Amino acid sequence: MKIGILVSEGPYTHQASDTAYNFVKAAIEKGHEIYRVFFYHDGVNNATRLTEPPRDDRNIVNRWSELAKQHNLDLVVCIAAAQRRGIMDENEAKRQGKNADNLAEGFRISGLGQLVEAGIQCDRLVTFGD
Amino acid sequence: MTDEMMDEEGVIKKFMFVNRKAPYGTIYALEGLEVVLISAAFEQDVSLAFVDDGVYELKKTQDTKALGQKNFSPTYRALEGYDIEKLYVERESMEMRGLTEDDLLVDVQVVSSAEMADLMAEQDVVISF
Amino acid sequence: MLHIVNKSPFDRNSLESCFRMATQGSAVLLIEDAVYGATKGSSVEAKVQGAMAGLKVYALGADLQARGVADRVLDGVTVVDYGGFVDLVAEHGNLQSWL
Amino acid sequence: MPMVEVAGKSFEVDEEGYLTNLADWNQDIAGYLAQEEKVEMTDSHWEVVNFLREYYEEYQIAPAVRVLTKAISKKLGADKGNNKYLYELFPYGPAKQACKIAGLPKPTGCI
């Protein structure tokens with residue numbers, strides 16, 4: 001089954017990102033296809049490579065990057081929500097005249113249409129948030 | 001506004017956006033509305049549900065000047081031009097908050113909890129803010 | 001339809017709204033802080049028991065265990081793991097998250 | 001951010017030439033922004049730009065192109081409310097160029 005995921009809360013403050021991650025892993029193990037994970041609202045903070053949690057804590061950002069690499073996941077960060085919260089890839093930083101970018105490996109920035117499109121293409125769209 | 005449009009030819013799903021948060025206190029109402037506006041470009045069967053504090057999004061006479069935030073309540077009146085015309089408000093949520101239809105800034109259909117439950121159950125995709 | 005609730009019923013009205021707008025025969029899955037609603041002896045026990053007459057209620061085991069309440073789950077509530085969560089999503093035609 | 005001076009008034013534009021402070025907008029600035037876009041403003045251009053500003057004033061958003069054409073069609077007639085007409089006036093797209101000249105917020109590229 002094709003499953004789309006919407007993550008709408010930031011990591012660490014809320015459990016949503018953890019639950020989404022565990023759900024995605026379990027769905028893959030069961031043979032489902034994760035069509036896309038879309039990050040919206042503060043969920044875009046899942047995509048900053050500047051995250052540096054204490055060593056005895058999970059690294060939520062790296063965890064997504066690794067899972068994406070292993071299973072060729074499409075991790076999409078909403079551009080409008082990302083711009084508000086200071087999440088940028090190299091191109092976007094250039095376009096906006098910023099001197100830094102921080103998008104973690106395995107994520108891409110795109111429009112909200114990607115969320116609606118996931119709703120159209122997927123058999124299920126599961127939201128994790130606060 | 002963008003110059004490109006994207007259509008998923010042939011597929012029409014029933015999308016419901018469930019608004020449950022008040023405006024300004026958190027960003028959910030505003031960013032939820034942004035998704036709704038984008039969804040219009042995909043020509044799906046879109047409806048909006050306003051339940052719980054979500055009904056406050058539609059309250060008339062919002063004035064955010066002293067807040068320094070943008071007042072996005074007029075944008076709900078633009079939805080009609082986007083062909084998004086199915087706006088449902090749950091009566092119980094509205095009455096619990098001491099509001100009536102006259103307090104709302106757009107035309108809506110006021111429905112009971114049971115009717116809202118049926119509407120929600122018949123959707124293909126439900127996205128909640 | 002599958003309803004997913006993740007808020008403690010003592011903090012927010014998500015569970016109450018979910019019960020109000022879930023049709024007969026729907027499934028309700030409690031995750032994260034919502035699992036407190038699935039425990040015995042609380043002030044919402046009667047409400048949850050009442051809702052279970054028309055709804056099937058599930059709770060996520062990992063969240064119950066993390067919160068130290070896995071041993072006091074209400075009778076009639078089915079405990080599932082993440083795989084079970086995935087199955088519930090697959091089994092139901094549509095879903096709503098009561099955030 | 002670059003500062004520009006037009007008709008004795010100075011204002012700020014961003015890296016892509018969009019007006020930074022929407023309240024700064026006036027006709028002279030619109031003329032300057034149009035020049036930067038290599039658009040020669042005629043009455044027909046002004047009609048669309050003014051329409052966009054009114055739309056923004058009323059709804060607090062820049063309309064999607066489809067919505068814009070429909071709304072223009074309703075107000076100014078079907079001969080103007082179509083893509084062909086709007087793209088003739090604004091060759092790089094009404095969203096990008098007309099909105100920029102009208103001083104509306106930069107589209108976030110959401111699609």
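Chain letters run A, B, ... following the sequence lines, proteins first, then strands; residues in each count from 1. From a predicted model like this one, the values you see are computed outputs, not experimental measurements.
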Enquirer: Work out which heavy atom in B:Glu122 is nearest to a heavy atom in B:Lys14; give both atom names and the distance.
Expert: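 Reported closest heavy-atom pair: O-CD, 3.5 Å.
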Enquirer: Is the number of heavy atoms from other residues, nucleotides or ligands within 6.0 Å of CZ (C:Arg72) greater than 12?
Expert: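 No - once you tally the heavy atoms of other residues, nucleotides and ligands closer than 6.0 Å, there are 12 at most.
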Enquirer: With a 4.5 angstrom heavy-atom cut-off, could you sort out which part of C:Ser26 is near chain B: side chain, backbone, both or neither?
Expert: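 Neither; nothing under 4.5 Å.
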Enquirer: With a 4.5 angstrom heavy-atom cut-off, is it the side chain or the backbone of B:Asp118 that approaches chain C, or both, or neither?
Expert: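 Its backbone and side chain both get close to chain C.
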Enquirer: Is it the side chain or the backbone of C:Leu99 that comes within 4.5 Å of chain B heavy atoms, both, or neither?
Expert: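 Both parts, backbone and side chain.
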Enquirer: Under the criterion side-chain contact (heavy atoms from CB on, under 4.5 Å), I'd like the reasoning laid out for B:Arg20 against C:Trp98: C-alpha separation, chi angles, the key distance, then a yes or no.
Expert: CA-CA 9 Å; B:Arg20 294 186 54 240; C:Trp98 295 87; 3.4 Å; yes
Enquirer: Mark yes or no: C:Lys56 above the aromatic ring of C:Tyr58, with NZ or CZ under 6.0 Å from the six-membered ring centre and no more than 45 degrees from the axis.
Expert: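 Satisfied, under 6.0 Å and within 45°.
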Enquirer: For the residue pair B:Phe50 and B:Tyr76, categorise the inter-ring angle as parallel (less than 30°), tilted (30 to 60°) or perpendicular (more than 60°).
Expert: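 B:Phe50 and B:Tyr76: perpendicular rings.
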Enquirer: Of the listed residues (B:Asp53, B:Val125, B:Val51, B:Ile127), which shares the most heavy-atom pairs with chain C below a 4.5 Å separation?
Expert: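 Top count of heavy-atom pairs under 4.5 Å with chain C: B:Val51.
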Enquirer: Pick from B:Gln123, B:Glu90, B:Met116, B:Glu92: which one has the most heavy-atom pairs with chain C under 4.5 Å?
Expert: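 The option with the most such pairs is B:Glu90.
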Enquirer: Side chain from CB out, backbone as N, CA, C, O: work out which of these in C:Thr23 comes under 4.5 Å of a heavy atom of chain B, or both, or neither.
Expert: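 Both parts, backbone and side chain.
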Enquirer: Judged by modelled atom types alone, do B:Tyr28 and B:Asn19 share a side-chain donor-acceptor pair under 3.5 Å?
Expert: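 There is no such pair between these side chains.
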Enquirer: Sort C:Met21 into side chain, backbone, both or neither according to what part of it lies under 4.5 angstrom from a heavy atom of chain B.
Expert: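 When you check distances to chain B, atoms from both the backbone and side chain of C:Met21 fall under 4.5 Å.
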